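Handing you this structure, nothing more for now.
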Amino acid sequence: MKFGKLTAKRSGRVLIAAVPVAIVASVMMAGVANGAVPVSFDISGSQFQIGASQLNGTSFSQYAGTTKDTAGKEHSVAIANIGSAKLDNLCQSVVTDTPLGKVGLLITAGGGGKPATATNLQIGMTDLKGDATFHNIRIGVDASKVNTSAKGTAGDFAQDADTIRITNLQQTAWSTQAAVFNLTGMHVQLTDGTTCF
Amino acid sequence: MTLKETQATRPEEQTTPDDEAADTPQNRRQRFGDWYRRRPFVGSVLTMLAGLELFFSGQLDLGNIHVQVGIEGLQSTVLPIAMVLLGLLAMLMPQHRIFYGVISLVLSVYTLIGLNLGGFFVGMLLGAVGGILTVSWSRKDAVVVAERSAEESPAEPPPFPKAPAPVGAEPDPGTQLAKSAPRRRNKAQGPVSGAVVLMVVLSLCGIGAAPVPGMKTSLCIPLLMDCSTPSPTPTPSPSNGSGGGSTGSGSGVGGGLGDTLGGLLGGGSGGNGTEKGVSIPLSQVKPDAQASTFTLPAAQMGGTSITFSGLQSVGAVTVPLADGSRTPVLKLAANDITIQNFTLDVRESGDESGLVTDAGTMELHGHVVAYVNSVTGTLGNGLGISLGALTPPPDNELPNQLLRVTLGLVGVTADSITLVPSHQEIE
């Protein structure tokens, strides 16, 4: 009868509805922010920056490709695939000019020795700086014969490697996709144009 | 319009012909008041707004940031549509409000991981508040409000159910005493706002909990998240590939082209004091069984110096191309190769954009095998050297160091390669 009493009043019904929602929502948010609940990234349409103090990946390949921006214009990019990646101190930033000035979004994750992880990461990049080490690398292999599941067009120059490690990664890209992205210690902030580097 | 239609299709709702006849603004407002009091109006509207917000969050122009789970595009379309429909249905069929409300509550929580972080939290909050209001709405409460307002304005004789209640009219606390037992005062505002605040606070706690060091990161809720090692659907490459033209270069004429190219580069670029390779016929070149499938044209690789250590062999071989033909190359096998001021240009011609890699030092370690179709450089004694795929060096020997070197790099494999500091750029 207690339930009936509770549902008799609107306040009781509101409580019954709100409390589970609040609990589940907060657990999920905590999970996302801790990297326990994977989200997936699909960013495209404008140029943005990716920074990381260290990237460790397996199953790497890179070849030529194109991507489209929001206006439909094609851009040449180098497509980098990483089967699974760990990113320490990941930073992603994008800045857009609006009538009210510059507005940017800055996402940081993977700090404090708990790297963000991603699987089936595909980045369409135009610029990459860092100190890179590859293991079991093949440079010049045909893009249609690379070792990753995503492949390029036959006849294109490509490279692949079993493992990749880039320190002080600074990358400018047009698109990023990751089937699963665990954002450990995620922090999203709206900025006035602050970038990662 | 919609209002009348809805009323017409709902015979159980009491509509009075007089009302519909008189189309004064006051009457219209009154009818709308009746109509809207008979359904969880605010909750439905909020749910529909949540759907719209979620939809537009996917089209956000702020750099088009999407944070999504699962099959891309499906959820970003289906979830907003479902939210709008649920809101609409809850409004049109208030008797099913609990069902629609609960579904929209579940969906709005799911959008948190399913769609752009719940439309950047806004859509998720709108949907959750709307769902809560829908679920908690009851006809009785609404009727009480209507009746109370009616009592406050006795000029209107028929108090129920079409009494005029100005939207948001605060009931007089005094009239509450006059109510019979089951008619409770509508105290929704207090608890509703309280619950909303509670939910927002809890949600924010969730975000705040993120940096707590003790928080277990391997927390796993099987139905909500992928607990096993994720095996996501591979996303098709967005690229069309830029170099369609290069495919044909190797077909059929691959060997011959490489032959000419090798001969030209090998013999042509030599000036005074240049050591040239010895020409060998293509028929003597043996296939390399271990070679990967490479591509043509070769990338231009340059460096101020290239140093070989443990150079094992230099010789002409043929390597396969993607189209099945083979091309002759000069194969260099060494333990280690170090290149200073390394550049690698994969552009096929000068005007096309392509990837250019450079590095201060490039070190290749362990089982280094380089396949080149041209080598030009300077020896330590100032003498130039020029080799091609079919013009290998005399006695298949190379000095341990070449300066100001340019290679037509078909491919290279190694146990490990280090580039410090490296810079890749589309030029």
Side-chain angles (χ1 to χ4, degrees), chain A residues 10-11 13-14 17-18 21-22 24-26 28-37 39-43 45-46 48 64-67 76 78-79 94 96 105 119-120 126-129 131-135 137-142 144-145 149-150 152-157 177 179-180 185, chain B residues 62-69 72 105 109 112-113 128 132 135-136 141 188 191-192 195 199 202-203 205-207 209-210 215 217 219 225 230 232 234-235 237-239 241-243 246-247 292-295 299 322 346 353 355 410-413 416-426:
Chain A
R10 181 158 204 184
S11 55
R13 293 194 298 268
V14 165
V21 169
V24 173
S26 56
M28 265 201 204
M29 269 192 211
V32 169
N34 277 297
V37 182
V39 293
S40 107
F41 264 87
D42 179 7
I43 305 176
S46 73
F48 59 94
T66 55
T67 190
S76 288
I79 294 177
V94 62
T96 312
L105 198 62
T119 54
N120 283 11
T126 55
D127 192 294
L128 184 151
K129 283 179 193 160
D131 299 340
T133 304
F134 303 87
H135 284 280
I137 185 173
R138 302 187 300 169
I139 296 175
V141 69
D142 191 275
S144 64
K145 304 279 183 187
S149 53
T153 316
D156 278 358
F157 197 92
Q177 291 177 13
V180 177
Chain B
L62 190 71
N64 277 18
I65 295 260
H66 302 253
V67 183
Q68 293 179 335
V69 150
E72 189 229 333
L105 278 176
V109 171
L112 190 60
I113 56 168
I132 289 168
V135 168
S136 65
D141 288 339
V192 168
M199 205 181 67
L202 272 178
S203 305
C205 286
I207 301 178
M215 189 83 184
T217 50
L219 171 77
M225 53 193 91
T235 351
S237 157
S239 81
S242 58
S246 63
T247 325
S292 310
T293 305
F294 291 115
T295 185
V346 303
S353 67
L355 189 68
V410 175
V412 60
T413 62
S416 84
I417 289 186
T418 310
L419 298 151
V420 180
S422 80
H423 184 197
Q424 286 192 316
E425 197 178 359
I426 295 279

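FYI, side chains are in, hydrogens and waters are out, and symmetry mates aren't considered; it's all heavy atoms of this structure. First the proteins, then the strands, lettered A, B, ... as listed; each starts at 1. Everything numeric here is computed off the predicted structure, so don't read it as measured data.
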### Message
Is any side-chain heavy atom of Arg13(A) closer than 4.5 Å to one of Ile132(B)?
### Response
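No, every pair of side-chain atoms sits at 4.5 Å or beyond.
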Gap separating the CG atom of Asp131(A) from the OG atom of Ser422(B), nearest 0.5 angstrom |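 Answer for the CG-OG pair, Asp131(A) versus Ser422(B), is 6.5 Å.
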**Request:** May I ask you to name which of Val410(B), Val135(B), Thr293(B), Val346(B) has the most heavy-atom pairs under 4.5 Å with chain A?
**Result:**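 The residue among Val410(B), Val135(B), Thr293(B), Val346(B) with the greatest pair count is Thr293(B).
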When the 4.5 angstrom heavy-atom criterion is applied to Leu355(B) and chain A, the contacting part is side chain
Handout entry: Segment of Thr126(A) engaging chain B (4.5 angstrom heavy-atom cut-off)
Key =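 Contact with chain B is through both the backbone and side chain of Thr126(A).
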*asked:* In the structure I gave you, are the side-chain heavy atoms of Val21(A) and Val109(B) within less than 4.5 Å of one another anywhere?
replied: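 Side chain of Val21(A) against side chain of Val109(B), heavy atoms only: contact under 4.5 Å found.
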Scanning both residues in full, the closest heavy-atom pair of His135(A) with Ser416(B) reads ND1-CB, 3.3 Å
- Query: Counting only N and O atoms by type, is there a donor-acceptor contact under 3.5 Å from the side chain of Thr295(B) to the main-chain atoms of Gly155(A)?
  - Reply: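 Yes; judged by distance alone, with no hydrogens or angles, the pair exists.
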Looking only at Leu419(B), Leu105(B), Thr413(B), Val420(B), most heavy-atom pairs under 4.5 Å shared with chain A are made by Leu419(B)
